[in-house]
Structure formats: structure tokens, C-alpha cells
Undergrad: 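There's a structure below that I have some questions on.
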2 protein chains.
Amino acid sequence: MTHCHTYIQALRNQGYRITPQREMIIETLAHGDVHMSAEEIYQQVLQRSKAVNLATVYRTLDLLVDKGYATRFMDSDGKLMYATEKHGTHLHLTCRICGNNYQTDANLLNPLIRQIEEMTGFKADFEHIALSGICKNCLDQNINTLKKEKEV
Amino acid sequence: MTHCHTYIQALRNQGYRITPQREMIIETLAHGDVHMSAEEIYQQVLQRSKAVNLATVYRTLDLLVDKGYATRFMDSDGKLMYATEKHGTHLHLTCRICGNNYQTDANLLNPLIRQIEEMTGFKADFEHIALSGICKNCLDQNINTLKKEKEV
DNA sequence: TCCGCTATTGCAATTATTTGCAATAATATA
DNA sequence: TATATTATTGCAAATAATTGCAATAGCGGA
Ligand SMILES: [Mn+2]
Ligand SMILES: [Mn+2]
Ligand SMILES: [Zn+2]
Ligand SMILES: [Zn+2]
């Protein structure tokens with residue numbers, strides 16, 4: 001019993017109809033790579049059945065994101081990527097200089113999420129977040145350049 | 001001397017050419033609403049001069065984001081929005097149920113950013129972040145429904 | 001099992017964003 | 001100020017993502 005069945009069951013309980021398209025799309029995302037684009041999911045589902053449409057993939061992904069079962073973020077090429085939260089939470093650090101992507105323990109977010117809840121009552125999902133900044137390598141290499149920029 | 005001149009000057013110092021298009025686009029974003037779409041900026045710049053192209057707006061906004069002078073996020077309609085960091089840092093909380101958008105003191109992020117830097121050396125920008133979750137209102141109203149979902 | 005209701009799909013059209021390329025214009029240099 | 005260099009622009013085409021609508025098919029009830 002894998003987690004994609006949890007999502008499917010939860011959707012059914014909320015009154016959503018379970019179509020073969022939705023099942024295949026959810027299974028593909030849940031069992032595939034951590035991050036997948038709509039197009040990648042579409043191509044994989046196509047190999048199983050001709051009865052899918054890219055628009056349906058987008059709509060199903062939207063539904064999953066709405067429900068909080070998946071997260072969406074924009075990769076460095078500007079394309080939207082999706083991941084189920086069951087693949088583990090993410091904290092992406094993207095370097096503005098070299099473009100490298102670092103992943104960090106998402107537990108770092110726990111205190112932030114707890115504090116937001118205490119202060120505002122808002123219960124933030126413990127999910128994928130992407131922060132941009134400058135990585136250690138680039139900081140070291142560009143320390144002089146950066147100093148000059150700051151002086152402006 | 002407004003902050004848009006700071007960005008323009010910084011770009012010049014880095015060897016970027018300062019064109020009237022770039023000036024107008026940067027001024028418009030820096031002096032306009034906190035969040036603006038590329039299309040909105042384009043329309044405002046058009047009123048000043050016919051010599052702008054939407055593609056140039058997108059390219060200039062990309063440059064600002066790359067340099068860390070502006071941030072980009074996707075609004076609830078799926079459109080990309082831009083804001084200069086000089087408009088103040090943001091912490092958006094978007095409710096998955098009612099769709100409302102709450103803004104919170106971005107200083108909440110300070111400890112997280114500090115901890116990331118200590119652990120990884122990555123210097124995250126102190127910038128616009130959007131978290132999704134469920135707001136207090138919706139939590140209260142839907143507490144039973146949510147409980148049921150969890151049991152699945 | 002069949003039927004009716006209506007959510008969901010596929011398709012095509014629309015909108016949003018990106019990109020290649022030739023023309024233009026910003027800057028450095030003389 | 002005139003010239004050379006090359007980054008930037010505008011345009012049009014490509015790609016990514018969304019949406020309206022008629023056809024289809026889940027699912028609950030007879
Ligand atoms: Mn991720
Ligand atoms: Mn913002
Ligand atoms: Zn880097
Ligand atoms: Zn809400």
C-alpha cells in the first residue's frame with residue numbers, strides 16, 4: 001500500500017471522482033522522481049495509456065497542490081515542477097551566482113512554522129520551500145566583488 | 001534620490017548598459033505597487049514611451065531577480081509577480097482553503113536564515129517568501145472535516 | 001444493473017512567458 | 001566628437017500553462 005493510494009482515497013472521500021487519468025497521474029508523480037514537470041508526468045503516463053491529455057495532467061496537479069498533497073515550484077529554467085510531500089519535505093537553496101541547487105534538512109523550518117502558528121494561527125504546510133541567495137563557494141570567490149557592489 | 005537609482009547605478013557598475021527601457025522599467029517597479037506583473041509594468045511604461053517591448057520587460061525583470069534586487073512569486077492565479085526588496089521584505093501566507101493572503105512580519109525569517117548560514121554557509125536573501133497552509137478562520141470552521149480527512 | 005446527474009475529460013483556442021536573430025544603440029577609446 | 005565593439009532591443013516564432021465548451025464517464029440511487 002503506497003502513499004499514492006492515500007491521496008486517491010482522500011480525494012474520493014471528499015467527493016472527487018476517481019478516473020483512470022487521475023490514478024495514473026498521481027501514481028506516476030508519487031512513484032517517480034522527487035521533482036517532475038507536467039510534461040514528464042504526461043510522457044510517462046502516455047506509455048501506460050493513450051487516454052491522457054496534458055491539460056488533464058495540469059488540472060490534476062493543480063488539484064493535488066490545492067489539497068496540499070503536492071507542492072509546486074519553479075526550477076531555474078522557469079518551468080513548474082511538482083513533488084508529493086511524501087517524497088520528503090524540501091528546503092531548496094538556489095545560488096544566484098552559480099545557479100547550483102542545494103538541499104537542506106527541512107526540519108530547519110519547524111521553528112519558523114511553529115512561531116507563525118503561535119503568532120497568527122496560520123498553520124503553514126511543512127513543505128517545499130525555495131530560498132535564493134549566495135552559496136559558500138561563490139561567497140568566498142566573489143567576496144571582493146560583492147563588497148564593491150554593496151558600497152554603491 | 002530614490003532606490004531605483006541605486007539599482008541602476010549598481011547595474012552600471014557591473015558593466016550592464018543603462019538603456020531608457022531599463023530605467024523606465026526599474027523606476028516603474030520601484031515606485032509602483034508592491035507587487036506588479038510584467039504586463040502591469042509594461043502598460044505603465046507604455047504611457048511614458050512607446051519604446052518598450054514586453055519581452056524587454058520580462059528580460060529586465062529577470063535581470064533584477066538574478067541580481068537579487070527584486071523577487072518573483074506566483075500569485076494565486078498562476079501569474080508571476082515582481083517586487084523590489086526595497087518595498088520591504090515579505091512573508092506571505094496563502095490559505096489553501098479560502099485563498100486569502102496574509103502578510104506577516106518578515107523578521108520571523110531571521111532565525112531561519114541565520115541557522116542556514118551557520119549550518120551550510122549559504123547566505124539566503126532576506127526576501128519574499130510564500131508559504132501555503134490553512135488560516136485560522138478556515139481551521140476553526142473546518143476542524144471536523146479536516147479531522148475526517150486525516151483519518152483516511 | 002440501469003439511469004440520471006454532473007464532475008471530468010479532450011480538444012482547440014487563449015494567454016503567459018521565453019527565445020533566436022538581425023537591427024540598434026550604449027559605452028569605451030581615440 | 002567620431003568609431004569600433006558588443007550588449008540590448010524589437011519582432012516574430014516557440015514553448016509553457018490555462019481555459020471554454022461539448023462530449024464522456026464516474027458514482028449514487030432506483
Ligand atoms: Mn523540491
Ligand atoms: Mn510579496
Ligand atoms: Zn554558488
Ligand atoms: Zn483561509
Side-chain angles (χ1 to χ4, degrees), chain A residues 5 7-29 35-43 45-46 48-67 69-82 99, chain B residues 5 7-29 35-46 48-67 70-82 99:
Chain A
H5 297 105
Y7 303 137
I8 291 167
Q9 201 48 245
L11 289 176
R12 193 193 303 276
N13 289 342
Q14 292 173 260
Y16 293 95
R17 293 183 184 173
I18 303 309
T19 63
Q21 287 88 343
R22 280 185 173 160
E23 277 192 301
M24 291 188 290
I25 292 164
I26 293 174
E27 281 170 17
T28 300
L29 176 61
H35 301 116
M36 299 184 81
S37 67
E39 181 66 33
E40 280 167 3
I41 294 169
Y42 175 60
Q43 290 303 332
V45 173
L46 260 189
R48 281 224 259 159
S49 157
K50 195 77 189 66
V52 224
N53 187 278
L54 187 52
T56 302
V57 174
Y58 276 109
R59 281 189 280 228
T60 301
L61 291 171
D62 276 353
L63 178 62
L64 292 176
V65 172
D66 273 359
K67 291 296 163 187
Y69 303 149
T71 60
R72 163 168 56 191
F73 85 108
M74 183 167 290
D75 73 5
S76 49
D77 295 327
K79 272 198 304 196
L80 296 178
M81 305 294 289
Y82 298 82
Chain B
H5 297 105
Y7 302 138
I8 291 168
Q9 201 48 245
L11 289 177
R12 193 192 302 277
N13 289 343
Q14 291 173 262
Y16 293 96
R17 294 181 184 175
I18 303 309
T19 63
Q21 288 87 344
R22 280 185 174 160
E23 277 193 302
M24 292 188 290
I25 292 164
I26 293 173
E27 282 170 17
T28 300
L29 176 62
H35 301 116
M36 299 184 80
S37 67
E39 181 66 32
E40 280 166 4
I41 293 169
Y42 174 60
Q43 290 303 331
Q44 287 198 212
V45 172
L46 259 190
R48 281 224 259 159
S49 157
K50 195 80 188 64
V52 224
N53 187 278
L54 188 51
T56 302
V57 173
Y58 275 110
R59 281 189 280 226
T60 301
L61 291 171
D62 276 354
L63 178 62
L64 292 176
V65 171
D66 272 359
K67 291 296 164 185
T71 58
R72 164 167 56 191
F73 84 108
M74 183 167 290
D75 75 3
S76 48
D77 295 328
K79 271 199 302 198
L80 296 179
M81 305 294 290
Y82 297 83

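Here is how names work: the chains are called A, B, and so on, in the same order as the sequence lines, proteins then strands, and each is numbered from 1. This structure is a prediction, so every number in the text was calculated from the model and none was measured. The figures here come from the full heavy-atom set of this structure, side chains too, leaving out hydrogens, waters and symmetry mates.
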Undergrad: Could you check which of C:dA26, C:dT17, C:dT8 has an atom nearest any side-chain atom of A:R17?
TA: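 Shortest atom-to-atom distance from the side chain points to C:dT8.
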Undergrad: Identify, between B:R59 and A:Y82, the residue whose nearest nucleotide on DNA chain D lies closer to the 5' end.
TA: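 Residue closer to the 5' terminus by nearest nucleotide: B:R59.
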Undergrad: Round to the nearest Å and state the distance from B:N53 atom CG to C:dC21 atom P.
TA: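 Answer to the nearest Å: 18 Å.
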Undergrad: Specify the separation, in whole Å, of atom CE of A:M24 and atom P of D:dG26.
TA: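 One finds 11 Å between P of D:dG26 and CE of A:M24, rounded.
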Undergrad: How many Å lie between CG on A:L80 and P on C:dT18, as a whole number?
TA: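 Rounded to whole Å, this separation is 10 Å.
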Undergrad: CD1 of B:I8 versus P of C:dT27: gap in Å, rounded?
TA: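 Value for this atom pair: 11 Å.
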Undergrad: Looking at B:E39 and B:K79, is there a salt bridge between them, counting it only when a charged N and a carboxylate O are closer than 4.0 Å?
TA: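 No, B:K79 and B:E39 are not salt-bridged.
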Undergrad: Figure out the CE/P separation between A:M81 and D:dA16, and round it to whole Å.
TA: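 Rounded to the whole Å, the gap is 12 Å.
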Undergrad: What's the shortest heavy-atom distance between B:M81 and B:E40, and which atoms?
TA: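 It is CE-OE1, 4.5 Å.
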Undergrad: How is B:I18 classified with respect to the nucleic acid when contacts are heavy atoms under 4.0 Å: base, sugar-phosphate, or nothing?
TA: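 Sugar-phosphate, backbone atoms only, no base.
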Undergrad: Show the nearest heavy-atom pair for residues B:V52 and B:Y42, with the distance to one decimal.
TA: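 Shortest heavy-atom separation between B:V52 and B:Y42 comes out as O-CE1, 3.7 Å.
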Undergrad: I need the CG-C1' distance between B:L61 and C:dT17, as an integer number of Å.
TA: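 About 12 Å, once rounded to whole Å.
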Undergrad: Mind checking B:A51 for me? I need base, sugar-phosphate or nothing, with any heavy atom below 4.0 Å counting as a touch.
TA: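 Since only primed, P, OP1 and OP2 atoms lie under 4.0 Å of B:A51, the category is sugar-phosphate.
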Undergrad: With a 3.5 Å cut-off and heavy atoms only, can you find an N or O donor on one side and an acceptor on the other between the side chain of A:R12 and the base of D:dG26?
TA: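 No, the side chain and the base share no sub-3.5 Å donor-acceptor pair.
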Undergrad: Any donor-acceptor pair under 3.5 Å linking the side chain of A:R22 with the backbone of A:R17?
TA: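 Checking the backbone N and O of A:R17 against the side chain of A:R22, a donor-acceptor pair under 3.5 Å is found.
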Undergrad: Expressed as a whole number of angstroms, how long is the span from A:Y16:OH to D:dG28:C1'?
TA: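 Checked: the OH to C1' distance equals 18 Å.
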Undergrad: When the nearest nucleotide of DNA chain C is assigned to A:K50 and to B:E39 on a heavy-atom basis, which residue is associated with the more 5' position?
TA: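 Checking each residue's closest nucleotide, the 5'-ward one belongs to A:K50.
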Undergrad: For the helix from C:dT1-D:dA30 to C:dA30-D:dT1, what angle separates the axis at the start from the axis at the finish, each from five pairs, in steps of 10°?
TA: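 If I round to tens, the end axes sit 30° apart.
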Undergrad: Does any non-hydrogen side-chain atom of A:Q43 lie less than 4.5 Å from one of A:L46?
TA: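 Answer yes - side chains close enough.
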Undergrad: Rounding to a whole Å, what distance do you find between A:Q14:CD and D:dC27:C1'?
TA: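 These atoms are roughly 16 Å apart.
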Undergrad: Taking all non-hydrogen atoms of both residues, which atom of B:A51 and which atom of B:M24 are closest, and how far apart?
TA: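 Distance-wise, the nearest heavy atoms are O-CE, 4.3 Å.
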Undergrad: Search all heavy atoms of A:V57 against all heavy atoms of A:A38 and return the closest pair with its distance.
TA: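 In this case the closest contact between A:V57 and A:A38 is CG1-O, 3.6 Å.
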Undergrad: Can a side chain N or O of B:Q21 be found less than 4.0 Å away from OP1 or OP2 on C:dA26?
TA: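 Checking C:dA26 against B:Q21, no side-chain N or O comes under 4.0 Å of OP1 or OP2.
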Undergrad: Would A:L63 and A:L11 satisfy side chain to side chain contact (heavy atoms under 4.5 Å, CB included), going step by step from the backbone distance to the final call?
TA: CA-CA 9 Å; A:L63 178 62; A:L11 289 176; 4.1 Å; yes
Undergrad: Any side-chain N or O of B:Y58 below 4.0 angstrom from OP1/OP2 of C:dT18?
TA: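 B:Y58 to C:dT18 OP1/OP2: no side-chain N or O under 4.0 Å.
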Undergrad: Which is more 5' along DNA chain C, the nucleotide nearest B:T19 or the one nearest A:A55? Just name the residue.
TA: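 Mapping each residue to its closest nucleotide by heavy atoms, the 5'-most match is A:A55.
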Undergrad: Looking for any heavy atom pair under 4.0 Å, which part of the strands does A:R22 touch: base, sugar-phosphate only, or nothing?
TA: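 Sugar-phosphate only.
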